[in-house]
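Throughout, protein chains are lettered first and strands after them, A, B, ... in sequence-line order, and every chain is numbered starting at 1.
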Number of protein chains: 2
Amino acid sequence: MKPSTSIQDYLKRIYELTENGQPASTNDLARELNVKPASVTGMIQKLAAEKPALVEYQKHQGVTLTAAGKRAALEVIRHHRLIETWLVQTLGYSWDEVHEEAERLEHVISEDFERRIAAALGHPLRDPHGELIPTADLKMPLDESTPLSALRKNQSGKILCIKSADADLLRHLNELGLTPNTSIEVVDYSPFDHNLTVTAGKRTSVLGLNITGRIFVEKK
Amino acid sequence: MKPSTSIQDYLKRIYELTENGQPASTNDLARELNVKPASVTGMIQKLAAEKPALVEYQKHQGVTLTAAGKRAALEVIRHHRLIETWLVQTLGYSWDEVHEEAERLEHVISEDFERRIAAALGHPLRDPHGELIPTADLKMPLDESTPLSALRKNQSGKILCIKSADADLLRHLNELGLTPNTSIEVVDYSPFDHNLTVTAGKRTSVLGLNITGRIFVEKK
DNA sequence: AAAATGATTTAGGTAAGACTAAATTTTACA
DNA sequence: TGTAAAATTTAGTCTTACCTAAATCATTTT
């Protein structure tokens, strides 16, 4: 049976937090889900007890997803990213505005609806932030992008993805012209603070690691 | 604060059941909401105790909506009907398929989303079933339609609205060519059983009261 | 008018999913 | 290595919205 909205949210966050290969901690999950750590422990124990289990869990060791949990998470993520893409393409939302709306819609659309928007959009590979969209058979495509922070003076690339859910930051980047699909060139690198000076379009900006670590590019 | 999904459902059903001017009974509400009568009593008492109260309620006398309750109900109904219209126009759903999807989406869309689809659709007056869409300031437009059951031999009209949530019935009518905006003529009337023989497009059908009472037309 | 029937309400219970406070485990560091 | 701090878990509550069973009210029939 279809997991509840709460469970879908837990699975999605666990997926995101474990993308680095490490189990997700109770604390980190609590912060991401805007919930107290004690509530996370309770829910995790429940998810581990489902059959089939949705998470792998050892007390005090953090959680990871089982195959079943991963499938459920990718389903939600696919919904989220398709919906964002669709809102931008058909309702004129800008890419920094769609997150909240998608966050609610992702839990209530049918599989039929998912198929229809995927088809209407031509089965897109990335959402408006540049995030990869899981395929219909729930595989996450390979990510061939590089963090902007890895580029040095005179290297250039095309922005593929902005990884952040911080609306203020996204709006700021939008104003700087740093949006997915924009070509970008590093004109200076400061080895002290790792700041990059980059030009995108006609604009030049100096960016710290907190930003260059969230922008992912295809190296030219 | 925004009412819960359950409360929105209760208010919507109370609105529908009181359109005839009569208070809604516990039993009828329970049937419409797929819930036991005891649960309805509990919820109604809660809604009457809210401040401001959302319903008017006297034990054993049924419920009606207060002004605040009516506003909340019309908000949900507006969402529902705009969403149905939008699914049909932009995703190729047919008018007999959209109800379930709208039933879930209506509770989670933002006011911004509502405004965007209303604008994208050109602020439509009726949804794909022909139901009137409450205006942005939450007034229900006047209904100038007549039930098909009131027409007699040689009278004709245009179908404005099909009032039913029964998917099988809707599909059946769709197959008979009895859809909103279709012109229709009564070629025979049986005074015994009130059956009407009507032609719509090239097709002729004999319809009982259970159907002619649910089809609303603009008399020519 | 009393009894039977049906509708409604009351009382008490359950499941989800959150919370607080207290107990425990792990980690860090002096 | 012992202790303090941080992270985590346990235990016990709360709210929402449903349920069943039993009691009460209203209506119809006799």
Side-chain angles (χ1 to χ4, degrees), chain A residues 1-14 17-18 20 22-65 69 72-73 76 103-104 106-108, chain B residues 1-14 17-18 20 22-65 69 72-73 76 103-104 106-108:
Chain A
M1 208 192 69
K2 186 177 175 172
S4 71
T5 294
S6 286
I7 291 177
Q8 288 180 30
D9 279 332
Y10 274 86
L11 296 174
K12 185 173 59 159
R13 299 307 178 194
I14 295 169
L17 289 172
T18 55
N20 61 7
Q22 296 294 114
S25 77
T26 303
N27 250 1
D28 289 351
L29 267 172
R31 182 173 27 73
E32 294 295 320
L33 290 162
N34 296 309
V35 137
K36 302 298 175 204
S39 306
V40 172
T41 301
M43 179 61 99
I44 280 170
Q45 288 173 341
K46 182 175 139 181
L47 297 180
E50 301 257 301
K51 38 178 201 172
L54 296 170
V55 303
E56 189 72 42
Y57 167 64
Q58 303 268 89
K59 272 186 201 175
H60 298 98
Q61 306 302 146
V63 250
T64 56
L65 294 174
V76 182
E103 200 69 16
R104 282 174 281 109
E106 66 188 8
H107 304 295
V108 303
Chain B
M1 207 192 67
K2 187 176 174 172
S4 70
T5 294
S6 285
I7 291 178
Q8 289 180 28
D9 279 333
Y10 273 86
L11 295 175
K12 185 172 61 159
R13 298 308 178 195
I14 294 169
L17 289 173
T18 54
N20 61 9
Q22 296 294 114
S25 75
T26 304
N27 249 1
D28 289 351
L29 268 172
R31 183 173 28 72
E32 293 296 318
L33 291 162
N34 296 308
V35 136
K36 302 299 175 200
S39 306
V40 172
T41 300
M43 179 61 98
I44 281 172
Q45 288 174 340
K46 183 175 139 180
L47 297 181
E50 302 256 303
K51 38 178 201 175
L54 296 170
V55 303
E56 188 73 40
Y57 167 64
Q58 303 268 87
K59 274 185 198 174
H60 297 98
Q61 307 301 145
V63 251
T64 56
L65 294 175
V76 182
E103 201 69 16
R104 282 173 280 109
E106 65 187 8
H107 304 295
V108 303

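Using a 4.5 Å cut-off on side-chain heavy atoms (C-beta onward), A/R31 and A/N27 make no contact. Looking at heavy atoms from C-beta onward, B/T5 lies out of side-chain contact with B/R104 at the 4.5 angstrom threshold. Looking at A/Q8 and A/K2, their side chains come closer than 4.5 Å, going by heavy atoms from C-beta outward. The side-chain heavy atoms of A/L11 and A/L54, taken from C-beta on, include a pair separated by under 4.5 Å. With a 4.5 Å cut-off on side-chain heavy atoms, B/I7 and B/M43 count as touching. Residues A/V40 and A/V63 are not in side-chain contact: their nearest non-hydrogen atoms beyond the backbone lie 4.5 Å or more apart.
In this structure, the CD1 atom of A/I44 is 15 Å from the P atom of D/dA7, given to the nearest Å. One atom, NZ of B/K36, and another, C1' of D/dC19, lie 9 Å apart when rounded to the nearest Å. Atom OH in B/Y57 sits about 12 Å away from atom P in D/dC25, given to the nearest Å. Between B/M43 atom CE and D/dC19 atom P there is a gap of 11 Å when expressed in whole angstrom units. To the nearest angstrom, P of D/dT16 lies 18 Å from NE2 of B/H107.
OP1 and OP2 of D/dT16 both lie 4.0 Å or more from every side-chain N or O belonging to B/Y10. In this structure, A/K59 does not reach the D/dT8 phosphate: none of its side-chain N or O atoms is under 4.0 Å from OP1 or OP2. Of the side-chain N and O atoms in B/S39, none sit less than 4.0 angstrom from OP1 or OP2 of D/dC18.
For B/H60, taking side-chain heavy atoms from C-beta onward, the closest of the listed nucleotides D/dC25, D/dT9, D/dC19 is D/dC25.
Boundaries of the chain A contact region on DNA chain C are C/dA16 to C/dT26, first to last in 5' to 3' order (nucleotide atom under 4.0 Å from a heavy atom).
Across all strands shown, B/S6 has heavy atoms under 4.0 Å from sugar-phosphate atoms exclusively, and none from any base.
Residues from residues 23-35 of chain B placing a heavy atom under 4.0 Å of any atom in DNA chain D, listed by number, are B/V35.
Between B/K12 and B/E32 no salt bridge is recorded (no basic side-chain N to carboxylate O distance below 4.0 Å).
When each of A/Q61 and A/A38 is assigned the nucleotide of DNA chain C with its nearest heavy atom, A/A38 is the one assigned upstream, toward the 5' end.
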**OP:** Go through the steps for A/D28 and A/R13 under the test side-chain contact (heavy atoms from CB on, under 4.5 Å), then give the verdict.
**Re:** CA-CA 9 Å; A/D28 289 351; A/R13 299 307 178 194; over 6 Å; no
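Residues B/A73 and B/L65 approach most closely at CB-CD1, 4.0 Å, considering heavy atoms.
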